[in-house]
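All values derive from a computational prediction rather than experimental measurement. Numbers here simply count residues along the sequence, with the first being 1.
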Amino acid sequence: MSEINKLKIFNDPIYGFITIPNALIYDLIQHPYFQRLRRISQMGLSYLVYPGANHTRFHHALGCMHLMQKSVETLRFKGVVISQEEENALYIAILLHDIGHGPFSHAMEKSIVEDVHHESISLLFMNQLNAEFGGQLSLAIQVFEGDYHRKFMLQLISSQLDMDRMDYLKRDSFYSGVAEGNVNSERLIQMMNVVDDVLVIEEKGIYSVEKFLMSRRLMYWQAYLHKTSLVAELILTKVLKRAKELTLKGTILPCSDPLMFFMQNKITLDVFDSKTLDLFSQLDDFDIISALKSWQKQDDFILSSLSKMIINRDLLKIKLSSEKVLTEELHRLKERFALENNISLAETDYFIFKGKIKNQAYSKEAEPIRILKKDRTVEDVVEASDQLNLKSLSKLVTKYYICFPKQLV
């Protein structure tokens, strides 16, 4: 195949045409590991709340690469020297930053793998691809891990104002219809610069940064932490946990071979070898949904009840509050539910539980968003802004929740 045929374009509903910059990027996109992202939803079970939120991590990864192309163009225009090799490393690192996400991402991390985070799996995939592509991803991996001496390159991939956030806020806002999340990524990128190898935003872009942080806060409350999406994800975590518990006790549950492997084995990061990675690369949303459909008919009351909840969108009741949930209230509900359904008190943990969620649009502990003032000094955006709301955006807001079956209301 001639190289010219690899310079294809994608038509994206957000940015219009996205171009593939070179043959290596094309080959990475074509790889089965990357194509799997077409079968992993970007917003998990949020489509149960926002019916349009069916876009995938494949869309998102391409969008991030497109924004990275715009950033490189802008920075070069302003005199920042970025070599061909560095440019390519930025494209590869941002393209593959989410490749380690499992089906319904966060539910997986808390149930069928033991606290193995998607970032660690992304790195395993990158190393595997690097071996297959003869070391052409080495610099991208170095940048992704934060080991490269030019700090701004990691900031473009992972920081409080990176290509990842710029794309997912805009994209998730578009597909969910939550207009508050729509950020002006074009303007933010135009305002970028680099001072002493650190990423800065020129002072005239400060309002765009404020709008970006406000959008992030609103998207978390309205979409990512929406109580229905939250309870659906919590139920999914419980289903997978129960299925694993039953499998380890010897029950044979119908599911795909890759899912069965993760059910039957305790998978931690130190046992994540190339065989495990290959099986993980065969897992996607379809394995989970297909399993849930089968598990509705299982004899186990817990597994079948929870599976039906997600398939039929008949979820547990969830109540959010700024006050902590009282243990007595939880215990009272559990005793009643155990009695009514002839299950043990321990088993009611699958149906009745509490927890908390946190939302912080801007963290003062993390790497700050730096504003380049007209006098060439650099300042944290919170200090540079005349808006009081930025101080409140950096406040950590905690809400407490309790989930329980609707019949207990």
Under 6.0 Å from the ring centre and within 45 degrees of the ring axis: does the NZ or CZ of K358 meet both conditions for the six-membered ring of Y220? no

Under 4.5 Å between any side-chain heavy atoms of T276 and L124, yes or no? no

Start with the C-alpha gap between N182 and F174, add the side-chain angles, then the distance that decides, and say whether side-chain contact (heavy atoms from CB on, under 4.5 Å) holds. CA-CA 7 Å; N182 189 7; F174 176 87; over 6 Å; no

So that I can tick it off, tell me whether R370 and E379 are bridged by a salt bridge, with the cut-off set at under 4.0 angstrom between side-chain N and carboxylate O. no

I want to know whether F337 and F404 have ring centres closer than 6.0 Å. no

Regarding E132 and H31, do their side chains bring together a donor and an acceptor under 3.5 Å, going by distance alone? yes

Counting only heavy atoms not in E85, do more than 12 sit closer than 6.0 Å to its CD atom? no

Is the number of heavy atoms from other residues, nucleotides or ligands under 6.0 Å of K244 NZ greater than 12? yes

If the plane angle is over 60° it's perpendicular, under 30° parallel, otherwise tilted; pick one for F353 and Y401. perpendicular

Can you see whether Q190 engages R187 through a side-chain donor-acceptor pair at a distance of less than 3.5 angstrom? no

Side-chain contact, heavy-atom cut-off 4.5 Å: Y350 with I343? no

So, do R165 and F212 sit near enough that their side-chain heavy atoms are less than 4.5 Å apart? yes

Under 3.5 Å, is there a donor-acceptor pair linking the side chains of D167 and Y15? yes

Looking only at side-chain N and O atoms, does D299 offer a donor or acceptor that is under 3.5 Å from a partner on S304? no

Among all residues two or more places apart in sequence or in another chain, which pass the side chain to side chain donor-acceptor pair (under 3.5 Å) test with R313? none

Listed partners of R57 passing salt bridge (Lys or Arg N to Asp or Glu O under 4.0 Å), at least two apart: D98

Counting only heavy atoms not in K275 (residues, nucleotides, ligands), do more than 12 fall under 6.0 Å from its NZ? no

Looking only at side-chain N and O atoms, does T74 offer a donor or acceptor that is under 3.5 Å from a partner on K70? no

side-chain contact (heavy atoms from CB on, under 4.5 Å) evaluation trace for V239 with I302: CA-CA 8 Å; V239 178; I302 297 170; over 6 Å; no

Note, E367 side chain near Q160 side chain (heavy atom, < 4.5 Å): no

Just so I know, are the side chains of K266 and V271 near enough to count as touching, which here means a heavy-atom distance under 4.5 Å? no

Residues H59 and D12: side-chain donor-acceptor under 3.5 angstrom: no

For the residue pair H60 and H97, is the inter-centroid distance of their aromatic rings smaller than 6.0 Å? yes

Assess whether atom NZ of K227 is packed by more than 12 heavy atoms of other residues, nucleotides or ligands within 6.0 Å. no

Worked verdict on E202 versus K78 for side-chain contact (heavy atoms from CB on, under 4.5 Å): CA-CA 12 Å; E202 290 162 5; K78 292 180 181 180; 3.0 Å; yes

Should F351 and F301 be marked as a ring-ring contact (aromatic ring centres under 6.0 Å, His included) after you check the CA-CA gap, both sets of side-chain angles, and the distance that decides it? CA-CA 11 Å; F351 298 92; F301 168 73; 5.6 Å; yes

Looking only at side-chain N and O atoms, does Q282 offer a donor or acceptor that is under 3.5 Å from a partner on D278? yes

Matching residue for E87 among N22, I92, I82, L75 - test: side chain to side chain contact (heavy atoms under 4.5 Å, CB included): I82

Distance only, no hydrogens: is a donor on one side chain within 3.5 Å (strictly under) of an acceptor on the other, for D162 and S159? no

Is there side-chain contact between T19 and F10, with heavy atoms separated by less than 4.5 Å? no

Do we see a donor-acceptor contact under 3.5 Å between the side chains of Y224 and D172? yes

Hey, are the side chains of E86 and V81 touching, using non-hydrogen atoms and a 4.5 Å cut-off? no

E347 and R242: salt bridge (charged side-chain N to carboxylate O under 4.0 Å, His left out), yes or no, with the steps? CA-CA 10 Å; E347 288 174 327; R242 180 61 173 178; 3.7 Å; yes

K334/D349 salt bridge by N-O under 4.0 Å criterion: yes

Does the structure place the NZ or CZ of K308 under 6.0 Å from the centre of the six-membered ring of W295, at an angle of no more than 45° from the ring's axis? no

Which residues satisfy the side chain to side chain donor-acceptor pair (under 3.5 Å) test with D285, sequence neighbours excluded? S41

Quick check: closest heavy atoms across L306 and I235, and the distance to 0.1 Å? O-CG2, 3.8 Å

Any heavy-atom pair between the side chains of L96 and F125 that's under 4.5 Å? no

Output field: ring centroids F280/F261 closer than 6.0 Å: no

